[in-house]
Amino acid sequence: MKRTLLGAAAVALAVGGTTVPAHADTTATTITKATAAESDAATARMAWVGACKDADGLGHPCGAWRLRLRAGGTVTVAGASATAVDARGRKADIVGAFAISGDGQWILYERVKDHRLVVRKVAGGRGTVLPASLTRKGTDSLRAWLSHAGDRVLVEHNDEAGREPGKIVTVATGKIVKLPAADDLEGFSGDGDEALATRHNNDNTTTLVAHGLDGHSVAKVPPQVVMNASTRALSADGHTVAVLIGGNADTRVPPKLRLYDLTTDRLSAAVTLPLRPDATVYLAHWTGEGRLTVKAHTGGDEKPTVVRVLTVDTTTGAVKPADTFTVTARNYTWLTAGE
């Protein structure tokens with residue numbers, strides 16, 4: 001069910017389909033240091049892949065993709081490729097596709113043997129191999145997202161010509177909905193029924209647009225503060241956008257949150273988040289029920305990277321800490337649930 005969030009939140013915050021059959025993948029997933037009987041053992045906090053150096057000392061991804069569970073254990077994702085391939089199938093020193101659903105219970109990865117995309121539960125079991133058409137041009141230019149519930153996949157290829165359309169794939173059926181090739185995708189709405197994107201215009205403005213699975217779209221040229229945001233996220237109502245504004249360590253101003261409505265062009269007042277001014281707000285995602293999760297990290301540059309997770313009730317304005325963890329060291333790259 002769709003819900004309109006901005007009205008209540010503004011008070012609190014002061015203000016062409018193609019069907020292709022899917023297939024099963026039975027590659028095993030190895031779970032260590034945690035039992036599947038524990039509820040958090042089936043929920044991933046983060047994923048990472050290791051780093052190696054070549055003869056010239058240049059780093060590249062290598063080894064296995066691993067997950068860290070909320071229960072504290074680790075999962076090795078057997079069969080997931082650390083590296084992508086180009087259109088001719090040649091190995092590229094670019095990290096292979098990988099994503100975790102917002103609820104942390106599903107993963108998407110690029111399969112080693114043929115570099116097709118696979119979706120499966122963090123807890124293991126049979127996975128679903130997505131249509132081969134998604135990776136026919138290689139994966140070195142591919143980016144993919146999982147919906148919050150892991151039931152849909154959003155894919156785009158960053159081709160210079162801008163002729164390759166983005167695609168929304170329903171995992172259970174393989175049905176593909178194509179999106180305008182000119183748009184740059186940003187991720188799913190909270191319920192996975194829409195995708196948020198930007199479109200650059202000839203007059204040097206940028207349009208923010210929400211594309212629905214049914215072909216309907218809502219678009220606006222938003223205020224500059226929306227386009228300059230550190231990150232944005234679309235709610236399940238299909239038109240409310242969470243706008244995360246970075247902090248300023250020099251002026252000691254912490255990151256802030258605003259809500260923007262694509263239908264009314266209404267922008268809420270800002271709410272200061274309980275984060276350090278130097279925290280990097282890098283991710284926001286909604287649940288289908290309208291709860292917003294915000295993630296920020298501090299550290300780096302030889303210091304441990306610490307991720308802080310907040311939940312925001314947009315109907316009351318309440319912001320609560322939900323989780324804190326340190327990113328695994330010696331990685332080539334890492335990501336968290338919702339990326």
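Side chains of I100 and L146 form no contact here, defined as non-hydrogen atoms less than 4.5 Å apart. Between V119 and V153, the closest side-chain pair of non-hydrogen atoms falls below 4.5 Å. No side-chain heavy atom of I107 sits under 4.5 Å from any side-chain heavy atom of W65.
A distance of 7.0 Å separates CD in E186 from OG1 in T231, rounded to the nearest 0.5 Å. Note that the NE2 atom of H285 and the OG atom of S101 stand 9.0 Å from one another [nearest 0.5 Å]. K220 contributes atom NZ, which lies 6.5 Å from atom OG1 of T263 (distance to the nearest 0.5 angstrom). For the atom pair CG (L335) and CZ (R45), the distance works out to 15.0 Å, reported to the nearest 0.5 Å. Taking CG of L292 as the start and CG of L257 as the end, the distance is 6.0 Å to the nearest 0.5 Å. For the atom pair OG1 (T280) and CG (L244), the distance works out to 12.0 Å, reported to the nearest 0.5 Å.
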*Please test D184 against R199 for salt bridge (Lys or Arg N to Asp or Glu O under 4.0 Å), starting from the C-alpha separation and ending with a verdict.*
CA-CA 6 Å; D184 295 322; R199 181 183 304 147; over 6 Å; no
*asked:* Walk me through whether T205 and N201 qualify under side chain to side chain donor-acceptor pair (under 3.5 Å).
replied: CA-CA 5 Å; T205 61; N201 306 315; 2.9 Å; yes
*asked:* Please determine whether side chain to side chain donor-acceptor pair (under 3.5 Å) holds for the pair K91 and T83, giving the CA-CA distance in whole Å, both sets of side-chain angles, and the decisive distance to 0.1 Å.
replied: CA-CA 7 Å; K91 178 181 175 181; T83 55; 4.7 Å; no
_Stepwise side chain to side chain contact (heavy atoms under 4.5 Å, CB included) test for R126 and K121_ = CA-CA 8 Å; R126 292 169 64 90; K121 287 185 176 181; over 6 Å; no
*Determine, stepwise, if the pair T135 / H115 fulfils side chain to side chain contact (heavy atoms under 4.5 Å, CB included).*
CA-CA 7 Å; T135 54; H115 294 273; 5.7 Å; no
*Applying salt bridge (Lys or Arg N to Asp or Glu O under 4.0 Å), run through R276 and D278 and close with a yes or a no.*
CA-CA 5 Å; R276 287 169 33 178; D278 64 343; 2.7 Å; yes
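Taking each heavy atom of S189 and S235 in turn, the nearest pair found is CB-O, 3.3 Å. For the pair W286 and L234, the tightest heavy-atom approach, listed with the atom from each and the gap, is CD1-O, 3.1 Å. The two atoms that bring G238 and A210 nearest to each other are O-CB, 3.4 Å, heavy atoms only. The two atoms that bring S230 and V281 nearest to each other are CB-O, 3.4 Å, heavy atoms only. Closest approach of Y260 to V243, counting heavy atoms only: CB-CG2, 4.0 Å. Residues A64 and T76 come closest through the heavy atom pair CB-CG2, 3.8 Å.
In summary, the side chains of R68 and T328 do present a donor paired with an acceptor at a separation below 3.5 Å, with no hydrogens or angles considered. Under the 3.5 Å distance criterion, with hydrogens and angles disregarded, no donor-acceptor pair is assigned to the side chains of S81 and E110. In summary, the side chains of R308 and T298 do present a donor paired with an acceptor at a separation below 3.5 Å, with no hydrogens or angles considered. With 3.5 Å as the limit, one finds a donor-acceptor pair spanning the side chains of S147 and D151. Under 3.5 Å, the side chains of D261 and H239 contain a donor-acceptor pair of N or O atoms.
A donor-acceptor pair under 3.5 Å is absent between the side-chain atoms of D56 and the main chain of L58, judged by distance alone. Judged by distance alone, with hydrogens and angles left aside, the side-chain atoms of H157 form a donor-acceptor pair with the main-chain N or O of L134 at under 3.5 Å. T170 places no side-chain N or O within 3.5 Å of a backbone atom of G174 that could act as its donor or acceptor partner. Counting only distance, with no hydrogens or angles, the side chain of R111 and the backbone of V118 share no donor-acceptor pair below 3.5 Å. Looking only at distances, a side-chain donor or acceptor of D86 sits under 3.5 Å from a matching main-chain atom of R90.
Evaluated for a side chain to side chain contact (heavy atoms under 4.5 Å, CB included) with L262, the options T240, V218, T207 yield exactly one hit, V218. For the pairing with L154, the side chain to side chain contact (heavy atoms under 4.5 Å, CB included) check across V177, L179, L196, V169 returns one residue only, L179.
Ion pairing of D313 with K320 is absent here, as no side-chain N (NZ or NE/NH1/NH2) approaches a carboxylate O to less than 4.0 Å. A salt bridge links E164 with K137: the distance from a Lys NZ or Arg NE/NH1/NH2 to an Asp or Glu carboxylate oxygen falls below 4.0 Å.
Taking a 4.5 Å side-chain heavy-atom cut-off between Ile, Leu, Val, Met, Phe, Trp and Tyr, the cluster of V327 extends to M46, W48, Y282, L283, V307, V309, F325, W334.
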